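Report on one structure; see the data block that follows.
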Amino acid sequence: QVIVEEIPEDVPVAFVAIEDAPEYPGCDKGSKAERKACMKERIGELVRRKFNSDLAADLGLTGVHRIDLFFTISKTGDIVDVKARAPHPKLVEEAIRVAGLLPKMKPGMQRGNPVKVTFNQPIIFKVEE
């Protein structure tokens, strides 16, 4: 006997567990794994390009810092529910600002239906003394 567990309508699916990952613009070629890797790479590139890493030095922080940026890609492909954890409130603000620059995406699909997908993007940087 096979039991298929239904995912409740509005429960987000983690990016690592999604059948068909959301699609970042331009990441529509290759296998599912390649498209997923492309998306992760493009989000990382955008964060590296746009994140103001001088901010940490301006705040007097030194050494290696990690910010965890969390967001959900909605059933319509919009970036929603953005949150961040960081060693300083200004770094949280900056991470959230950068998440706002992410483009609309093709939504993730689970069993042929669009679903909300949660994503975590760590931002790690070093401030030289």
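Just so you know, residue 1 is the first one in the sequence shown, and it goes up from there. Computed from a predicted structure; not experimentally measured.
Taken to the nearest 0.5 Å, the SG atom of C27 stands 8.0 Å off from the CD atom of E41. Note that CD1 of I79 is 6.5 Å distant from CD1 of I43, once rounded to the nearest 0.5 Å. Annotation: the span from L69 atom CG to L91 atom CG amounts to 12.0 Å, rounded to 0.5 Å.
Legend: residues meeting side-chain hydrogen bond (donor to acceptor under 3.5 Å, both in side chains) with E94, ordered by chain and number and at least two apart, are R97. Partners of T118 by side chain to side chain contact (heavy atoms under 4.5 Å, CB included), not counting sequence neighbours, listed by chain and number: P12, A14, T72. In this structure R42 satisfies the salt bridge (charged side-chain N to carboxylate O under 4.0 Å, His left out) test with no other residue, sequence neighbours excluded. The side chain to side chain contact (heavy atoms under 4.5 Å, CB included) check on K106 picks up E23, with sequence neighbours excluded. Listed by chain and number, the residues in a side chain to side chain contact (heavy atoms under 4.5 Å, CB included) with T76 are S74, D78, K104 (sequence neighbours excluded). For E93, the side chain to side chain contact (heavy atoms under 4.5 Å, CB included) partners two or more places apart in sequence, or in a different chain, are K90. Partners of K40 by salt bridge (charged side-chain N to carboxylate O under 4.0 Å, His left out), not counting sequence neighbours: none found.
Grouped by direct or indirect side-chain proximity (heavy atoms under 4.5 Å, Ile/Leu/Val/Met/Phe/Trp/Tyr only), V64 sits with I124.
Applying the ring pair (Phe, Tyr, Trp, His ring centres under 6.0 Å) test to residues at least two apart or on different chains, the pairs with a partner in residues 16-63 are F51-F125. Among pairs with a residue in residues 47-73, those fulfilling salt bridge (charged side-chain N to carboxylate O under 4.0 Å, His left out) read R66-D68, D68-R85, at least two apart in sequence or across chains. The ring pair (Phe, Tyr, Trp, His ring centres under 6.0 Å) pairs that include a residue from residues 67-97 are F71-F119, where partners are two or more places apart or lie in different chains. Among residue pairs with one or both ends in residues 24-34, those qualifying as salt bridge (charged side-chain N to carboxylate O under 4.0 Å, His left out) are D20-K32; sequence neighbours excluded.
In the hydrophobic clustering of ILVMFWY residues, with side-chain heavy atoms under 4.5 Å counting as a link, I73 and L101 come out together.
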